[in-house]
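All ligand and atom numbering here is 1-based and tracks the order in the structure. What you see is a predicted model; the values in this text were computed from it and never measured.
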Amino acid sequence: MDWQKLETYFRSLDRSFFIGNDMKKHANIDAPLPIGFGQTISQPSLVLEMTRLLEPKNNSKVLEIGTGSGFQTALLAKMSEKVYTVERINELAEEAKKRLETLNFSNIYYKVGDGSIGWQEHAPYDRIMVTAAAGLLPDELVNQLATGGRMVVPIGPQDFQELKLITKTDSGKINTETVAMVRFVELKGRYGWTE
Ligand code: SAM
């Protein structure tokens, strides 16, 4: 991965562009902020750290679960070939799409629905980024990860989770590493918390 490119793009991204007028004055605080519908734009330093962990390459096909504001999506799209992003809340998905089109991204594919079951049609994915927390690792996402692939996903109870790095070896073996403690909103859906 081109670390310098990631760092430079991250620093150039105006976070206030991704949030509502009422929150813009807080845009430079390194903390999650509300984006409506009980959801949040993630803490910027964590978005950067999770992108580093994922190690997208310029030829990577990436699946992102939880488009939210589109801030993380922008970083992923800058660093990889294609991003398939799934959001369950239609209004958030539409706002994010508008923003990302304004930024001239043409390598992002959008879906409204339950991302806990992945996006089978375009699988397998070289990288999977999950930005909402499930109680258990969703099997379908593991199935849709390509061999040699990496997935970053918060797993655990609603109040605190372990941020997991999942890797799939060329022989298909799954390795799991805990890299941090985090707090994310719930991943809702078939392989997440009840709607
Ligand atoms: N990365 C986003 C950003 O930078 O704005 C933050 C995403 S927010 C922490 C998590 C998002 O996951 C919310 O927008 C929420 O609606 C979405 N979400 C929760 N469960 C989902 C599911 N099953 N499928 C798709 N999106 C889901």
Considering the heavy atoms of Ala132, write down every atom of ligand 1 situated less than 4.0 Å from one of them.
-> 12 (O), 19 (C)

Closest non-hydrogen protein atom to atom 8 (S) of ligand 1, residue and atom name please, with distance?
-> Thr40 O, 3.1 Å

For Gly192, is the nearest heavy atom under 4.0 Å from an atom of ligand 1?
-> no

Should you measure from each heavy atom of Gln72, which atoms of ligand 1 turn up under 4.0 Å away?
-> 1 (N), 4 (O)

Main-chain N/O of Val62 paired to Arg127 side chain as donor or acceptor, under 3.5 Å | no

Any chance you could measure Gln144, atom CD, to Trp119, atom CH2, to the nearest 0.5 Å?
-> 11.0 Å

Check ligand 1 against Glu186 and write out every atom of the ligand that is under 4.0 Å from a heavy-atom position of the residue.
-> 19 (C), 20 (N)

shortest atom 13 (C) of ligand 1-to-protein heavy-atom contact is with Gln39 OE1, 3.2 Å

Taking everything shown except Lys82 itself, do over 12 heavy atoms lie less than 6.0 Å from its NZ?
-> no

Donor-acceptor contact below 3.5 Å, side chain Thr169 vs main chain Thr147 = no

Verdict with reasoning, Arg99 to Glu95, per salt bridge (charged side-chain N to carboxylate O under 4.0 Å, His left out) = CA-CA 6 Å; Arg99 289 182 190 118; Glu95 283 170 28; 3.5 Å; yes

Enumerate the atoms of ligand 1 whose separation from the nearest heavy atom of Thr67 is less than 4.0 angstrom.
-> 2 (C)

Relative to the heavy atoms of Gly66, which atoms of ligand 1 are at a distance of less than 4.0 Å?
-> 1 (N), 2 (C), 7 (C), 11 (C), 12 (O), 17 (C), 26 (N)

Contacting atoms of ligand 1, where contact means under 4.0 angstrom from a heavy atom of Val86 | 25 (C), 26 (N)

Output yes when Lys97 and Glu94 qualify as a salt bridge under the 4.0 Å nitrogen-oxygen rule, no when they do not.
-> no

Phe18 vs Phe71 aromatic rings, parallel, tilted or perpendicular, using cut-offs 30° and 60°?
-> perpendicular

Measure the shortest side-chain to side-chain distance between Phe184 and Pro32 over non-hydrogen atoms and say whether it is less than 4.5 angstrom.
-> no

Within reach of ligand 1, part of Val185 (heavy-atom separation under 4.0 Å) | side chain

Looking only at protein heavy atoms, what sits closest to atom 3 (C) of ligand 1 is Ser69 OG, 3.4 Å

What atoms of ligand 1 come closer than 4.0 angstrom to any heavy atom of Ile41?
-> 4 (O), 5 (O)

Which residue and non-hydrogen atom of the protein lie closest to atom 20 (N) of ligand 1, and at what distance in Å?
-> Lys188 N, 3.0 Å

Answer side chain, backbone, both or neither: which part of Glu87 comes under 4.0 Å from ligand 1, heavy atoms only.
-> both

Min heavy-atom dist Ala96 to ligand 1 below 4.0 Å = no

Taking the side chain as every heavy atom from C-beta outward, state whether Val130 and Pro138 have any pair of such atoms under 4.5 Å apart.
-> no

Would Ser80 and Ser60 satisfy side-chain hydrogen bond (donor to acceptor under 3.5 Å, both in side chains), going step by step from the backbone distance to the final call?
-> CA-CA 5 Å; Ser80 53; Ser60 295; over 6 Å; no

Nearest-neighbour protein heavy atom for atom 7 (C) of ligand 1, which is reported as residue plus atom name and distance | Thr131 OG1, 3.4 Å

So which of Met129, Arg88, Arg190, Gln43 gets nearest to atom 27 (C) of ligand 1, if we judge by its closest heavy atom?
-> Arg88

Gly115 heavy atoms, cut-off 4.0 Å: which ligand 1 atoms fall inside?
-> 22 (C), 23 (N), 24 (N), 25 (C)

Do Gln72 and Thr51 have side-chain atoms, one donor and one acceptor, less than 3.5 Å apart?
-> yes

